[in-house]
There are 2 protein chains.
Amino acid sequence: MSEATALRSTQKVIFLNPSESPVGARKFEVTCSSCNLREICLPAGLDHDDLQRIEQVVYARRRVKRGDALFNAGDVFNSMYAIRSGFFKTSLLDGEGREQVTGFFMGGELLGMDGVGAGHYNGAAIALEDSEVCVMPFSLVEDISREVPALQRHLHAVLAREIVRDHGVMLLLGSMRAEERLAAFLLNLSKRFTRRGYSPLDFHLRMTREEIGSYLGLKLETVSRLFSKFQEDGLIEVQQKHVRIRDNAGMEQLLTTRH
Amino acid sequence: MSEATALRSTQKVIFLNPSESPVGARKFEVTCSSCNLREICLPAGLDHDDLQRIEQVVYARRRVKRGDALFNAGDVFNSMYAIRSGFFKTSLLDGEGREQVTGFFMGGELLGMDGVGAGHYNGAAIALEDSEVCVMPFSLVEDISREVPALQRHLHAVLAREIVRDHGVMLLLGSMRAEERLAAFLLNLSKRFTRRGYSPLDFHLRMTREEIGSYLGLKLETVSRLFSKFQEDGLIEVQQKHVRIRDNAGMEQLLTTRH
DNA sequence: CGCGCTGTTGAAACTTGTCAAAGTTTGTGG
DNA sequence: CCACAAACTTTGACAAGTTTCAACAGCGCG
């Protein structure tokens with residue numbers, strides 16, 4: 001792809017979405033090769049040339065304040081986003097304004113894939129703490145992935161991984177009881193924190209009980225009761241948003257034992 | 001892409017998966033341009049050249065008898081499949097052998113996207129009636145989509161559509177009551193039958209109550225009771241697997257009315 | 001430093017699941 | 001082609017799980 005094409009693509013992004021401001025968005029600030037999330041974000045075993053070309057897809061960074069939307073359902077789709085730091089929830093609004101949280105996302109994970117192909121995002125992404133994302137204009141991603149098969153494969157893998165993740169949530173919502181859902185949720189968070197170098201046994205929940213409940217298909221009171229029950233059973237210690245896992249094996253057993 | 005590359009790709013498929021037998025699998029039998037599902041399967045507005053190249057991705061057809069698996073969870077991933085005729089369910093097995101149905105698929109819809117990138121399928125696809133699929137070796141799809149941007153966009157759109165579909169199911173499982181779930185399910189089927197030229201008001205369910213229940217996160221008895229209740233309420237007529245929708249508006253109201 | 005959002009807990013109601021039995025359809029082998 | 005078995009469906013009564021409503025406590029943001 002020519003540099004001219006790249007510029008055209010990126011400018012389109014700027015003008016269509018004013019909030020993607022050029023402030024702090026100069027390309028030379030961004031390098032994937034030096035990003036500490038590189039191993040999570042990018043495929044392994046890239047040679048220097050490929051890596052350099054893949055870095056072109058990251059056009060800019062953007063800060064999102066806690067409570068603000070990275071994008072809303074229905075917004076024109078231009079870009080996918082990689083989370084550099086922070087924490088997001090994604091959600092849908094059903095017909096009557098009820099919210100369904102479809103996922104929680106942390107550093108190194110991608111957002112916005114649900115907009116590919118449709119021209120607009122299907123759901124919203126809201127920051128649960130002050131966050132920063134890498135902006136990847138999708139037309140650029142497509143252009144470069146035609147030239148760099150490693151990026152093409154990675155893009156497909158990323159989209160498919162989201163499908164697999166969603167199927168996991170469907171399994172959770174469709175066939176687990178409340179207890180199992182919360183255990184699965186906590187263990188999943190724990191695993192993802194580990195990968196990012198945080199403690200797997202001691203972490204801070206960024207979301208409210210209501211958001212957890214929405215994600216798990218439960219009411220907030222049920223979630224609260226379960227936290228208390230897990231604590232009584234010696235599985236965890238909870239204090240508001242702070243969770244400490246005391247009996248990891250016990251939690252896993254909750255998931256593998258029928259009733 | 002050279003013809004040699006194409007042949008290498010297709011042969012790999014044959015040898016890795018013996019059930020993809022060359023019987024009835026000769027390429028010249030397959031033409032997307034003459035397929036009556038073309039409008040559902042392929043992007044609109046393709047010129048003759050692009051269409052010819054896209055047809056290359058369909059290497060073969062394969063018949064799957066009712067009850068047989070098109071692929072199983074864990075099978076090596078080589079191909080995506082387009083359904084030419086018939087009906088499938090996809091499902092996951094949870095830790096203890098319980099099945100979660102993740103979707104039902106009919107003519108013109110695609111299967112196997114959950115294997116992209118991981119090297120193996122995440123779930124299984126089982127034929128609910130004698131079916132026939134187009135086999136699309138994924139390496140071929142990737143090769144050609146690098147050359148034909150229309151195919152590239154279509155592939156991305158197809159993957160994203162699956163993500164959006166899954167989010168819809170998560171909404172259903174996470175925030176609807178049993179009645180709403182069944183109504184949503186029936187209306188969704190109705191809509192998809194319409195698109196294929198079948199009656200939207202009068203159709204034959206290919207799946208059992210248990211499979212419907214698994215998909216909707218309900219027990220089969222609950223599904224059965226709801227069918228009876230919908231009949232009492234004059235919304236539908238049911239007789240085993242045959243369903244006739246009598247009050248479409250009433251069904252839709254079930255979905256838009258809170259409680 | 002206080003007001004509001006978030007979280008906890010209790011009791012009662014409701015929805016859905018479980019268990020059981022009987023009826024119906026489908027498929028198969030004689 | 002019939003008969004029988006297996007699989008699927010329906011329905012009832014009861015149990016269990018989850019939600020609803022309500023009251024109150026606590027933390028944290030402004």
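Order of the sequence lines sets the chain letters (A, B, ...), proteins ahead of strands, with each chain counted from 1.
To the nearest angstrom, P of C/dG10 lies 21 Å from NZ of A/K219. What separates NE2 of A/H242 from C1' of C/dT6 is a distance of 18 Å, to the nearest Å. Distance B/E211 CD to D/dA7 C1': 12 Å, rounded to the nearest Å. Straight-line distance from the CG atom of B/L205 to the C1' atom of C/dT25: 15 Å, rounded to whole Å. One interatomic measurement links the two molecules: CZ of A/F230 to P of C/dT8, which rounds to 13 Å at whole-angstrom precision. The distance between atom NE2 of A/H204 and atom C1' of C/dG7, rounded to the nearest whole Å, is 14 Å. Whole-Å rounding puts the A/K229 NZ to D/dA16 P distance at 15 Å. Between the C1' atom of C/dT8 and the CD atom of A/E237 lies a distance of 18 Å, rounded to the nearest Å.
Using a 4.0 Å heavy-atom cutoff across all strands shown, B/R181 reaches no nucleic acid atom at all. Residue B/G67 is classed as having no contact, given no heavy-atom separation below 4.0 Å to the nucleic acid.
B/L159 places none of its side-chain heavy atoms less than 4.5 Å from the side chain of A/V116. Residues A/S190 and A/I245 form a side-chain contact, since some pair of their non-hydrogen atoms from C-beta on lies under 4.5 Å apart.
No side-chain donor from either of B/D75 and B/H120 sits under 3.5 Å from a side-chain acceptor of the other.
For A/R66, counting side-chain heavy atoms from C-beta on, the closest listed nucleotide (C/dT15, D/dC29, C/dG17) is D/dC29.
Annotation: cation-pi pair A/R209/A/F227 present, NZ/CZ under 6.0 Å from the ring centroid and within 45° of its normal.
Note: A/F105 and A/F88 fail the aromatic proximity criterion, with ring centroids not under 6.0 Å apart.
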Return the polar atom pairs (N/O with N/O) between nucleotides 9-13 of chain D and the protein under 3.5 Å, or none.
residue	atom	partner	partner atom	Å
D/dT9	OP1	B/K241	NZ	3.3
D/dT9	OP2	B/R209	N	2.7
D/dT10	OP1	B/R209	NH2	3.2
D/dT10	OP2	B/R209	NE	2.8
D/dT10	OP2	B/R209	NH2	3.4
D/dT10	OP2	B/S224	OG	2.8
D/dT10	O5'	B/S224	OG	3.2
D/dT11	OP2	B/S228	OG	2.5
D/dG12	N7	B/R225	NH1	2.9
D/dG12	O6	B/R225	NH2	3.3
D/dA13	N6	B/R225	NH2	3.4

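Heavy-atom neighbours of B/E39 CD from other residues, nucleotides or ligands within 6.0 Å: at or below the threshold of 12.
The aromatic rings of A/Y198 and A/F193 sit perpendicular to each other, their planes meeting at more than 60°, with 30° as the lower class boundary.
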